[in-house]
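A quick write-up on the structure given underneath.
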Protein chains: 2
Amino acid sequence: MITKTKLNRKQQIIEKATQLFQKQGYAATSMRDLASYIGIEAASLYSHIKSKEEILQTICFQMANDFFQSLEQIELEKLSADEKLKRAVKSHVIVLTKDSAASAVFFSEWRHLSEPYLKDFLSMRNNYENKFIQILIDGYKEGVFKKMDAKFTVLALLSSINWMPSWYKPEGKLSPEEIAKNVTDVFINGLKIRS
Amino acid sequence: MITKTKLNRKQQIIEKATQLFQKQGYAATSMRDLASYIGIEAASLYSHIKSKEEILQTICFQMANDFFQSLEQIELEKLSADEKLKRAVKSHVIVLTKDSAASAVFFSEWRHLSEPYLKDFLSMRNNYENKFIQILIDGYKEGVFKKMDAKFTVLALLSSINWMPSWYKPEGKLSPEEIAKNVTDVFINGLKIRS
DNA sequence: ATTTCCCTAACGAACGTTTGTTTATTATAT
DNA sequence: ATATAATAAACAAACGTTCGTTAGGGAAAT
């Protein structure tokens with residue numbers, strides 16, 4: 001099982017790197033650091049990966065794809081704006097909690113990507129935020145949401161969720177669904193027009 | 001004016017370092033980097049500062065003090081919980097926007113502090129969060145706020161604000177007061193019991 | 001008024017260490 | 001026998017920091 005061993009090793013490298021990048025940051029994590037945690041020499045890492053940055057790229061774009069895919073699926077459904085927002089937040093939280101270490105790296109370490117990856121990354125993120133903004137604007141047009149600064153509100157909403165990886169523990173008392181419900185409860189009931 | 005010149009230079013170093021730490025991160029910013037932006041040699045920095053980490057310590061604990069001071073002042077006043085929360089958020093945003101670069105460093109780079117500074121820092125932050133949590137608990141007891149997970153809500157609230165330094169521009173259309181109002185509007189009207 | 005002295009801020013050079021990565025070689029497993 | 005994965009050794013570059021020195025200005029002493 002040559003390929004299997006190699007894939008496992010590569011996966012192991014990326015997983016351990018994810019942990020270290022989260023705890024110490026990308027720049028403060030050395031390849032010797034990473035290697036010693038795995039139990040091999042730094043030079044041996046290069047049998048499986050091309051460079052340190054390739055690891056970061058893998059982590060960032062894997063997460064970016066996951067987020068995008070989960071949101072695109074929701075856009076297909078025909079839902080009222082508030083339902084759509086609930087679903088979008090729930091999906092976002094689920095993706096995020098599935099690998100909270102990778103999410104933390106995704107949110108904090110992307111700036112160490114070199115061009116053209118940095119440009120691609122930022123454009124994807126912008127795109128993602130715009131989809132949320134559109135949901136809020138639609139909600140306003142439908143008469144479901146108050147008048148507001150949609151971009152500001154989305155940034156506040158996503159920020160409150162995205163900070164989670166720094167304190168979320170899978171063994172904690174709150175499930176991803178409960179977290180999503182808590183967040184949307186606060187935000188939606190503050191946005192929704194009460195009759 | 002010996003002392004004045006020296007103070008200005010030291011201040012200049014810390015200000016430029018704050019900018020670079022925000023943009024590139026603490027670990028990815030070298031002393032030669034910093035020096036060249038100022039227009040001197042790296043070695044010359046050490047006529048004014050003791051070490052690279054001392055700069056980070058200065059930034060972090062200056063901000064920590066500012067946040068603490070602004071909150072302690074509010075605790076003295078006799079206010080209803082929702083009013084108190086509004087005031088606390090407003091103070092928080094004002095401190096944060098006064099130097100958003102330093103705030104960004106404060107929120108993202110504290111993990112590079114060494115002991116015992118790291119321990120002190122985390123204990124201060126915990127303390128600060130607990131003051132917010134207490135406001136929410138008081139609000140619940142007063143019958144002003146819904147039943148909720150106070151810690152979770154505070155983390156969500158502070159996170160949505162603390163992410164701001166990454167996009168806040170002083171020349172933007174929103175003033176600190178308007179930002180605070182937007183945030184509290186969303187959160188308070190989502191929390192407050194409607195009669 | 002001139003000299004001596006001290007202090008600050010800057011410098012170039014170098015310190016020892018660590019960085020990411022490459023190479024040539026050996027061990028392992030199929 | 002062949003392909004893969006690990007190694008030790010080495011690389012140039014960069015790291016934070018220290019060194020001895022120098023230039024310049026103000027204070028003190030002559």
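Note on naming: letters A, B, ... go to the chains in the order of the sequence lines (proteins, then strands), and numbering restarts at 1 for each one. Values below: every heavy atom of this structure, side chains too, minus hydrogens, waters and symmetry copies.
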(Q) Would you call the rings of B:Phe67 and B:Phe107 parallel, tilted or perpendicular, taking 30° and 60° as the class edges? (A) tilted
Q.
Enumerate the salt bridge (Lys or Arg N to Asp or Glu O under 4.0 Å) contacts for residues 22-48 of chain A, please, sequence neighbours excluded, ordered by first and then second residue.
A. none
Q.
If you apply the rule ring-ring contact (aromatic ring centres under 6.0 Å, His included), what do you find for B:Phe106 with B:Phe121, and how did you get there?
A. CA-CA 10 Å; B:Phe106 170 80; B:Phe121 177 90; 5.3 Å; yes
(Q) Taking 4.0 Å as the cut-off, does a side-chain nitrogen or oxygen of A:His48 come that near to OP1 or OP2 on D:dT4? (A) no
**Q.** Atom-to-atom span, CG of B:Leu34 to P of D:dT17 - whole angstrom
**A.** 12 Å
Q) Looking at DNA chain C, which of residues 17-32 of chain A put a heavy atom within less than 4.0 Å of it? A) A:Thr29, A:Ser30, A:Met31, A:Arg32
Q. Out of D:dA5, D:dT17, D:dA9, which nucleotide sits closest to the side chain of A:Ala43?
A. D:dA9
Q | Side chain of A:Ser51 (C-beta onward), nearest among D:dT17, C:dT21, C:dG12 | A | C:dT21
**Q.** Non-neighbouring partners of A:Glu53 that pass salt bridge (Lys or Arg N to Asp or Glu O under 4.0 Å), sequence neighbours left out
**A.** none
Q: Please check the phosphate of D:dT7 (OP1 and OP2 only) for any side-chain N or O of A:Ser44 closer than 4.0 Å.
A: yes
Q.
With a cut-off of less than 4.0 Å, is there a side-chain N or O of A:Arg9 near OP1 or OP2 of D:dA6?
A. yes
Q.
B:Lys181: which residues meet the salt bridge (Lys or Arg N to Asp or Glu O under 4.0 Å) condition with it, sequence neighbours left out?
A. B:Asp185
Q) Whole Å only: how far is the CD1 atom of B:Ile38 from the C1' atom of C:dA9? A) 13 Å
Q: If a pair satisfies salt bridge (Lys or Arg N to Asp or Glu O under 4.0 Å) and one of its residues is in residues 98-117 of chain A, list it, with sequence neighbours excluded.
A: A:Glu109-B:Arg111, A:Arg111-B:Glu109
Q) What distance do B:Lys147 atom NZ and B:Tyr140 atom OH have between them, rounded to the nearest 0.5 Å? A) 5.5 Å
Q | Nucleotide C:dG20, atom C1' - distance to CG of A:Leu45 in whole Å | A | 11 Å
Q: For side chain to side chain contact (heavy atoms under 4.5 Å, CB included), just list the numbers for B:Ile38 and B:Leu45, CA-CA rounded to whole Å, side-chain angles, deciding distance to a tenth of an Å, and then say yes or no.
A: CA-CA 10 Å; B:Ile38 292 173; B:Leu45 293 170; 4.3 Å; yes
(Q) Just to be sure I understand: a Watson-Crick pair is purine N1 to pyrimidine N3 plus N6-O4 or O6-N4, both under 3.5 Å. Using that and G-U wobbles, which stems of three or more pairs involve DNA chain D? (A) C:2-19 with D:12-29, C:21-29 with D:2-10
Q: Rounded to the nearest angstrom, tell me the gap between atom CD1 in A:Ile49 and atom P in C:dT21.
A: 7 Å
